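Right, one structure below, let's go through it.
These numbers come from a predicted model, not from an experiment. The figures that follow rest on heavy atoms only: side chains count, while hydrogens, waters and symmetry mates do not.
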Amino acid sequence: MRLMRILAGLAMAAAAMATSAEAQDYPARPIKMVIAFPAGGPTDFVGRLVAEKLKGELGQAVIIENKPGANAAIGADSVAKSAPDGYTLFLTTAGAVVINPHMRPDLPYNPVRDFAPVSLVVNTMEVLVVKADTPLQSATDLVALARSKPEGIALASTGVGSPPHLALELFKGASGANVLHVPYRGAAPAVTDVIGGQVNAMFADLPVLMPQIIGGTLRPIGVASRNRAPVLPNVPTLDEQGIKDVYADNWYALFAPARTPGPVIAKLNAAVNAVLKDPDTARKLIDAGAVPAAGTPAELGALLASELERWGKVIREKNIKPET
């Protein structure tokens, strides 16, 4: 029995030494970063910017692989099933890991069981916008319009169960406005119909809206967050306008497959934090509507758990069901 214990201890020590040596050599080849959205969108922009800068920190290229489909589930599942060696990473929005589990009982992955948190990357605020030539100047103006119309008003989102949809539901409950939710398949057609006047307004991630805000075709009238957006300092939060507790921040974070060695996670976390603290990188992210949000793996794990609970409660209370 004693011999067995000694042998087991030696095996564990050998495994620990191997893991430590592997981490010291990591990375020895290029790293793949999976993004579960098409090229050209805001998640892709953030991913490519961070990946380019990570090369300088890690000494190896970080190659983007866009793998969209099934509300990000295809990309997420591919990473969950990858080898836990640090060479496949997942840059995701909150939706794939804290909303999808409540919307899809058949989801092929479990975000807590199947992923190892690396680092939060950015926060992105949900912003309420109207077309620029409307007389509406504030969220309270929009609520007043809704109350003046027996049929209410139409608000677009980028899809059922998306962060913009959840922001809309919180806004509807907090304001008491008569709002018809009009879900679109993605941001582009929703933005087009807001500008064209087919719907009255929409919530969306700020990076999605920045080109139209800068171009003068959309007017931001409220921020669904506790703080104003750094790039829109003159746009008040919904809280400031008396529409309380409409907090619907989206966020992008980096995960690895579960059981990725701790020293590898630590090395990746340090590299991501260094990138996000780089002034040039931070300025590019902020100008695009994203706020750098460096942190530890433990902090990301706690955020994942709290957001899973929070959005699950909202989805149940609002009886939000996936589209059939």
* Near K313 NZ, under 6.0 Å, is it more than 12 heavy atoms from other residues, nucleotides or ligands? -> no
* Look at the side chain of D114 and the backbone N and O of A258, then say whether any donor-acceptor pair between them is shorter than 3.5 Å. => no
* Is the closest side-chain heavy-atom distance between D141 and I221 below 4.5 Å? -> no
* Would you sort out whether V50 and L254 count as a side-chain contact (heavy atoms from CB on, under 4.5 Å), showing the intermediate values? => CA-CA 11 Å; V50 171; L254 194 66; over 6 Å; no
* Distance in Å, D44 CG paired with L91 CG, rounded so as to fall on 0.5 Å steps -> 9.5 Å
* Return the set of residues passing ring-ring contact (aromatic ring centres under 6.0 Å, His included) with Y252 (not counting sequence neighbours), or none when no residue passes. => none
* Asked: Given S157 and H181, is the side chain to side chain donor-acceptor pair (under 3.5 Å) satisfied, shown in steps?
  -> CA-CA 7 Å; S157 81; H181 174 220; 2.7 Å; yes
* To do: Return yes when atom CZ of R185 has more than 12 non-hydrogen atoms of other residues, nucleotides or ligands closer than 6.0 Å, and no otherwise.
  => no
* Within one Ile-Leu-Val-Met-Phe-Trp-Tyr cluster: V127 and L142, side-chain cutoff 4.5 Å -> no
* Please tell me if the side chains of L145 and L136 come closer than 4.5 Å, counting only heavy atoms from C-beta onward. => yes
* Asked: Do P101 and L308 touch side chain to side chain, with heavy atoms closer than 4.5 Å?
  -> yes
* **Closest non-hydrogen atom pair between S138 and Q241, with its separation** => CB-OE1, 3.3 Å
* Would I286 and L120 show up in the same hydrophobic cluster when neighbours are defined by side-chain heavy atoms closer than 4.5 Å? -> no
* Structure fact -> On a heavy-atom basis, the closest approach of S306 and L303 is OG-O, 3.0 Å
* Asked: Should we count CZ of R104 as having more than 12 external heavy atoms under 6.0 Å?
  -> yes
* For the hydrophobic clusters of this structure (ILVMFWY residues joined by side-chain heavy atoms under 4.5 Å, transitively), does one cluster hold both V191 and M125? -> yes
* Asked: Just how far is it from atom CD1 of I320 to atom NE2 of H102, taken to the nearest 0.5 Å?
  -> 11.0 Å
* Do side-chain atoms of N269 reach the backbone of V118 as a donor and acceptor pair under 3.5 angstrom? -> yes
* **Heavy-atom closest pair, residues A83 and P257** => O-CG, 3.8 Å
* To do: Provide the closest heavy-atom pair for I265 versus A256 in the form atom of the first, atom of the second, distance.
  => CD1-CB, 3.9 Å
* Structure fact -> residues 195-240 vs ring pair (Phe, Tyr, Trp, His ring centres under 6.0 Å), sequence neighbours excluded, gives F171-F203
* **SB check E65 K32 (cutoff 4.0 Å)** => yes
* Asked: When I35 is tested against each of T93, T43, L89, T92 for side chain to side chain contact (heavy atoms under 4.5 Å, CB included), which residue passes?
  -> T43
* Structure fact -> Per side chain to side chain contact (heavy atoms under 4.5 Å, CB included), N200 is matched among I153, V130, V194, V182 by I153
* **Side chains of Y247 and L238 in contact at under 4.5 Å (non-hydrogen atoms)** => no
* To do: Using the side chain to side chain donor-acceptor pair (under 3.5 Å) rule, take D249 and N123 through it: C-alpha gap first, then chi angles, then the decisive distance, then the call.
  => CA-CA 7 Å; D249 289 347; N123 283 312; 5.7 Å; no
* Asked: Hey, is the main chain of I213 close enough, under 3.5 Å, to the side chain of T217 for a donor-acceptor pair?
  -> no
* Verify side-chain contact (heavy atoms from CB on, under 4.5 Å) between R147 and N178, making sure each step is shown before the conclusion. => CA-CA 7 Å; R147 290 174 177 168; N178 183 10; over 6 Å; no
* **Test log, rule side-chain contact (heavy atoms from CB on, under 4.5 Å), inputs W251 and V121** => CA-CA 8 Å; W251 41 266; V121 178; over 6 Å; no
* **Atom of R219, atom of A132 and distance for their closest heavy-atom approach** => NH2-O, 2.5 Å
* Asked: Going from NZ on K149 to CG on L180, what distance comes out if it is rounded to the nearest 0.5 angstrom?
  -> 13.0 Å
* Asked: Around K318, counting heavy atoms of other residues, nucleotides and ligands shown, do more than 12 lie under 6.0 Å from its NZ?
  -> yes
* Common cluster, V208/V129, ILVMFWY with side-chain heavy-atom separation under 4.5 Å -> no
* To do: Determine the sole option in K277, R283, K284 for which the salt bridge (charged side-chain N to carboxylate O under 4.0 Å, His left out) test with D280 is passed.
  => K284
* For the residue pair L155 and L128, establish whether any side-chain heavy-atom pair is separated by less than 4.5 Å. => yes
* To do: Show the numbers, then the answer: is there a side-chain contact (heavy atoms from CB on, under 4.5 Å) between E169 and H165?
  => CA-CA 6 Å; E169 292 291 347; H165 176 202; 3.0 Å; yes
* Give, for atom CE of M210 and atom CD1 of I214, the distance between the pair rounded to the nearest 0.5 Å. => 3.5 Å
* Heavy atoms, side chains only, cut-off 4.5 Å: are P42 and T124 in contact? -> no
* Hey, does the side chain of K267 reach the backbone of Y26 with a donor-acceptor pair shorter than 3.5 angstrom? -> yes
* **R259 and D85 ion-paired at < 4.0 Å** => no
* Donor-acceptor pair, K244 side chain versus D239 backbone, under 3.5 Å? -> yes
* **Path from V275 to L285 over hydrophobic side-chain contacts below 4.5 Å** => yes
* Just wondering, do L166 and L170 contact through their side chains at under 4.5 Å, heavy atoms? -> no
* **Non-neighbouring partners of F37 that pass ring-ring contact (aromatic ring centres under 6.0 Å, His included), sequence neighbours left out** => none
* Drop me the distance from S119's OG to L276's CG, to the nearest 0.5 angstrom. => 6.0 Å
* Asked: Does E299 reach the main-chain N or O of T296 with its side chain, forming a donor-acceptor pair under 3.5 Å?
  -> yes
* Asked: Any donor and acceptor pair, going by atom type alone, linking the side chain of E317 with main-chain N or O of V314 inside 3.5 Å?
  -> no
* Heavy-atom neighbours of E309 CD exceed 12 at 6.0 Å -> no
* Measuring from K131:NZ to L218:CG, what's the distance to the nearest 0.5 Å? -> 11.0 Å
* **Non-hydrogen atoms of P111 and V97 that approach each other most closely** => CG-O, 3.2 Å
* Asked: Just wondering, do V160 and M103 contact through their side chains at under 4.5 Å, heavy atoms?
  -> yes
